[in-house]
Amino acid sequence: MAQDYRQVRLGKLEDLVAAGVHPHPERYERTHTLAEAAALDETVRGVRVAGRVIAKRDMGKNVFVKLQDFDGALQVMLARDALAEDPEESARQHKLFSKKVDLWDFVGVEGDMFRTRTGELTVRARGWSFLGKCLQPPPEKRLGIHDTELAWRQRYLDLVTNPQSRERFRLRTALVRAIRAALDREGFQEVETPVLCNKASGALARPFVSHHNALDMPVVLRIAPETYLKRLIVAGYDRVYEFARCFRNEGMDPSHLQDFTMLEYYVAYWNYEDNMRFTERLLREVIQEALGTLRIERGGRTIDFSGEWPRRSLREVIEEHAGIDIDAHPDADSLRAAIVARGVELENPGAGRGSLIDQLYKKTARGQLIQPTFIIRHPRDLSPLARASDDDPRTVDRFQLVVDTWEVVNAYSELVDPIDQRERLVEQAGLKAAGDDEAMELDEDYLLAMEHGMPPISGWGMGIDRIVALLSDAPNLRDVVWFPLMKPLGNIGGAPRTVLWAGEEALALGLYLADPPWLEVYALDGERVRHVSRGQQQPNKKARKKGEEGVLAFLRERARALANEGIGRELFVGEGRPLAALHELLPAVGGVGLADLLARLSESKFLAVENQARALARYVAALRSEVEA
RNA sequence: GGGGACGUAGCUCAGUCGGUAGAGCAGGAGAUUUUUAAUCUUCUGGUCGUGGGUUCGAGUCCCGCCGUCCUCACCA
């Protein structure tokens with residue numbers, strides 16, 4: 001049916017072309033955006049506006065359409081006798097518009113402002129221009145896209161139909177702009193540091209790993225810009241910042257994305273307390289500017305950014321919510337005993353004291369922190385890049401800003417002592433060697449930079465996606481990312497979904513993978529091979545119970561069924577199975593070329609399945625002619 | 001990875017107790033001299049995610065798989 005829509009609309013496009021309309025005009029001269037035009041006086045003449053048709057009401061003589069762009073919408077009226085000087089030409093233009101322009105097409109209109117009988121400001125068209133065709137069926141016009149999956153996969157559908165989504169992204173843009181302007185005013189310089197790195201440094205997280213072909217070396221995508229920005233302080237910058245796209249190869253949930261935007265800045269000569277004061281001022285300013293208020297509604301609760309944000313030590317909040325005074329337990333064993341005594345269950349109770357504190361905090365206190373709160377005094381061994389506190393060397397001079405249980409900002413007085421830093425990184429490297437994927441690597445290049453001298457520094461990082469989601473009452477970070485990463489529809493992780501075209505010459509090809517066993521079906525189309533889904537190709541439980549033979553029987557049966565449906569011939573290919581089993585199957589295609597087939601298979605073993613199929617295509621073609629001959 | 005929920009027309013959604021798959025929007029044809037979710041006539045559109053099981057009969061009950069979300073775990 002999508003095909004029907006497309007055919008109808010393609011037909012209309014052809015009709016437009018036949019009527020002398022360019023299907024993809026080069027440009028259109030606007031005098032006003034739709035929002036600007038909507039603010040005009042009703043007497044203004046000679047406006048030219050353009051946008052997407054999101055509503056069309058054809059009254060016979062008059063066609064009313066609503067045009068929309070990102071920031072506004074405006075009604076336009078096309079009357080049968082007003083579209084050209086010549087009445088016949090005007091009628092022709094009217095009919096063309098009425099019959100050939102569909103919802104979601106782009107058009108431009110030239111005309112005069114006026115008010116309709118019902119009082120709506122409207123453009124009375126004196127002429128119209130076709131600007132672009134929508135070939136796909138548009139979403140429901142009033143309700144829009146409600147399926148979150150669809151909204152994420154095809155954001156344009158969401159943005160066109162859902163005003164609240166446009167509002168969220170408008171806020172995101174406005175907030176970033178406000179932050180940039182505020183930092184620039186404060187004497188910061190915006191910089192850019194590498195995304196492709198040798199070491200995953202600056203945070204505790206598992207990186208994405210890739211390979212640099214020309215240099216023939218592994219590279220990782222950055223998990224934080226921190227150590228590069230601090231190198232710039234070594235270089236003499238006082239205040240630097242970067243909106244840094246970062247990548248962490250870890251689990252995802254509504255408050256974590258693999259690919260996210262972090263703002264980090266570093267200031268020479270500040271400590272974390274200077275930074276906390278600045279944070280409060282900066283965020284209040286930019287929230288007020290971008291949002292127009294400091295009080296937001298989120299999940300039915302009011303969150304208030306005005307007033308002074310409480311500063312509470314980790315010790316305090318844990319004592320309040322868990323009833324344990326961590327200072328009374330100077331070592332891991334003692335603290336562990338207290339936690340057990342309180343009946344709090346930790347995931348990793350064998351960890352050291354710092355990690356125990358962290359787990360305890362996350363388990364008991366963090367979930368209660370709704371209003372903006374600074375959490376200070378974190379254990380030293382969780383912050384390998386932070387400066388130890390002069391008051392208590394077991395803690396670091398660090399703060400986090402927590403809002404509605406989300407950690408939004410993380411900042412500290414930076415560790416600037418290269419000797420201490422080396423010791424801590426060696427410690428981390430030890431953890432890594434012991435199997436902790438998230439421990440930091442020893443970053444000699446950074447240590448070398450540190451040894452060239454650092455002033456006191458305070459650094460700061462904020463999750464842009466998180467603050468935007470908080471401020472816009474978005475339940476999931478993916479609601480504030482234009483194109484969040486999604487598993488592709490289609491071949492990944494399941495049966496391919498392409499359907500065989502009717503009458504197409506085809507071939508059924510089973511790829512018998514060891515685990516899980518599976519039958520893949522392809523269509524052979526000249527030189528090309530496509531995936532084809534024909535329902536379930538995976539052996540059911542019953543077949544699997546009978547072991548290998550049952551599985552083979554199942555796959556053979558499926559292939560035979562496909563052949564009976566006219567899909568074509570059978571060919572099984574086994575991988576990771578005894579050759580004998582394969583050999584037994586191959587007679588279905590003549591039992592020739594086994595060695596060649598296996599060679600090709602192993603050659604393409606690490607390619608995607610579809611590539612395997614392509615690699616086999618030539619072989620299959622050869623096989624065919626051989627059989628025919 | 002554990003637990004829970006969901007998947008029906010292009011979109012938004014109904015579908016009762018297991019008994020002939022529905023509505024609105026969108027789309028086709030027609031009508032319509034200012035409409036506002038325009039209206040009216042008429043028509044089209046379905047692998048009920050997928051495969052199996054139970055049953056005389058499955059969108060509905062059971063199981064496997066695929067996909068998505070939530071939650072727990074993981075996670076500066």
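Here is the naming used below: chain letters follow the sequence lines, and residue numbers restart at 1 for every chain. These numbers come from the heavy atoms of this one structure, side chains and all, not from hydrogens, waters or symmetry mates. If you're wondering where the values come from, they're calculated on a predicted model, not measured in any experiment.
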Give [X] one of three labels, base, sugar-phosphate or nothing, depending on what nucleic acid heavy atoms sit under 4.0 Å from its own.
X	result
A/Pro254	sugar-phosphate
A/Ile223	nothing
A/Trp152	sugar-phosphate
A/Phe114	base
A/Leu157	nothing
A/Gln400	nothing

Round to a whole Å and report the spacing from [atom1] of [X] to [atom2] of [N].
X	N	atom1	atom2	result
A/Glu140	B/A9	CD	C1'	13 Å
A/Leu150	B/A9	CG	P	12 Å
A/Asp253	B/C70	CG	P	8 Å
A/Gln136	B/G27	CD	C1'	13 Å
A/His256	B/A73	NE2	C1'	12 Å
A/Lys362	B/C72	NZ	C1'	15 Å
A/Asp147	B/C13	CG	P	8 Å
A/Tyr5	B/C43	OH	P	17 Å

Partners meeting ring-ring contact (aromatic ring centres under 6.0 Å, His included) with A/Tyr266 (sequence neighbours left out): none
Can you tell me, in whole Å, how much space there is between the [atom1] of [N] and that of [M]?
N	M	atom1	answer
B/C75	B/A37	C1'	46 Å
B/C40	B/G24	P	10 Å
B/G3	B/U44	C1'	44 Å
B/C65	B/A26	C1'	33 Å
B/U12	B/C6	C1'	16 Å
B/C43	B/G4	C1'	44 Å
B/G7	B/G59	C1'	11 Å
B/G28	B/A14	C1'	25 Å

Check the phosphate of [N] against [X], side-chain N and O only, distance under 4.0 Å to OP1 or OP2. Yes or no?
X	N	value
A/Lys141	B/A26	yes
A/His146	B/C11	no
A/Lys12	B/G27	no
A/Arg115	B/U34	no

Taking [X] for its side chain and [Y] for its backbone only, find out whether a donor-acceptor pair lies under 3.5 Å.
X	Y	result
A/Gln93	A/Gly127	no
A/Lys56	A/Ser98	yes
A/His94	A/Lys61	yes
A/Arg126	A/Asp112	no
A/Arg155	A/Pro484	no

N/O donor-acceptor pair, side chain A/Glu120 with base B/U35, under 3.5 angstrom: no
Are [X] and [Y] packed together at the side-chain level, in the sense that at least one heavy-atom pair is separated by less than 4.5 angstrom?
X	Y	value
A/Arg9	A/Cys134	yes
A/Pro384	A/Leu204	yes
A/His256	A/Arg466	yes
A/Pro379	A/Leu314	yes

Mapping A/Arg398 and A/Arg117 onto RNA chain B by nearest heavy atom, which one lands closer to the 5' end? A/Arg117
When A/Ala411 and A/Met486 are each assigned the nearest nucleotide of RNA chain B, the 5'-most assignment goes to A/Met486
Nucleic acid contacts of residues 458-466 of chain A, taken as heavy-atom distances under 4.0 Å to RNA chain B: none
Return the residues of residues 55-66 of chain A meeting this criterion: a heavy atom under 4.0 Å from some atom of RNA chain B. Order them by number, or give none. A/Arg57, A/Asp58, A/Met59, A/Gly60, A/Lys61, A/Asn62, A/Phe64
Looking only at side-chain atoms of [X], point me to the closest of [options].
X	options	value
A/Met77	B/U34, B/A26, B/G28	B/U34
A/Thr116	B/U35, B/C69, B/A37	B/U35
A/Thr122	B/C25, B/C11, B/U35	B/U35
A/Pro139	B/A26, B/C11, B/U35	B/C11
A/Lys99	B/G30, B/G27, B/C11	B/G30
A/Ile145	B/C11, B/U68, B/C70	B/C11

Applying salt bridge (Lys or Arg N to Asp or Glu O under 4.0 Å), run through A/Lys133 and A/Asp102 and close with a yes or a no. CA-CA 8 Å; A/Lys133 193 81 194 159; A/Asp102 292 309; 2.9 Å; yes
For RNA chain B, the expected dot-bracket line (Watson-Crick or G-U under 3.5 Å, [ ] crossing, | inter-strand) is (((((((..((((.....[..)))).(((((.......))))).....(((((..]....))))))))))))....
Are there any protein N/O atoms within less than 3.5 Å of an N/O atom in nucleotides 1-5 of chain B, and if so, which ones and at what distance?
none

Any chance you could measure A/Arg380, atom CZ, to A/Arg387, atom CZ, to the nearest 0.5 Å? 12.5 Å
Supply the atom-to-atom distance A/Gln136 CD to A/Arg6 CZ, rounded to the nearest 0.5 angstrom. 6.5 Å
Using a strict 4.0 Å threshold on nitrogen-to-oxygen distance, state whether A/Asp443 and A/Lys199 make a salt bridge. no
Does a side chain donor of either A/Thr193 or A/Arg222 reach within less than 3.5 Å of an acceptor in the other side chain? yes
Aromatic ring pairing A/Trp460/A/Tyr265, orientation class (parallel under 30°, perpendicular over 60°, tilted between): parallel
Which heavy atom in A/Asp397 sits nearest to a heavy atom in A/Ser389, and how many Å separate them? OD1-CB, 3.3 Å
Under the side chain to side chain contact (heavy atoms under 4.5 Å, CB included) test, residues paired with A/Leu143 that sit two or more places apart: A/Glu140
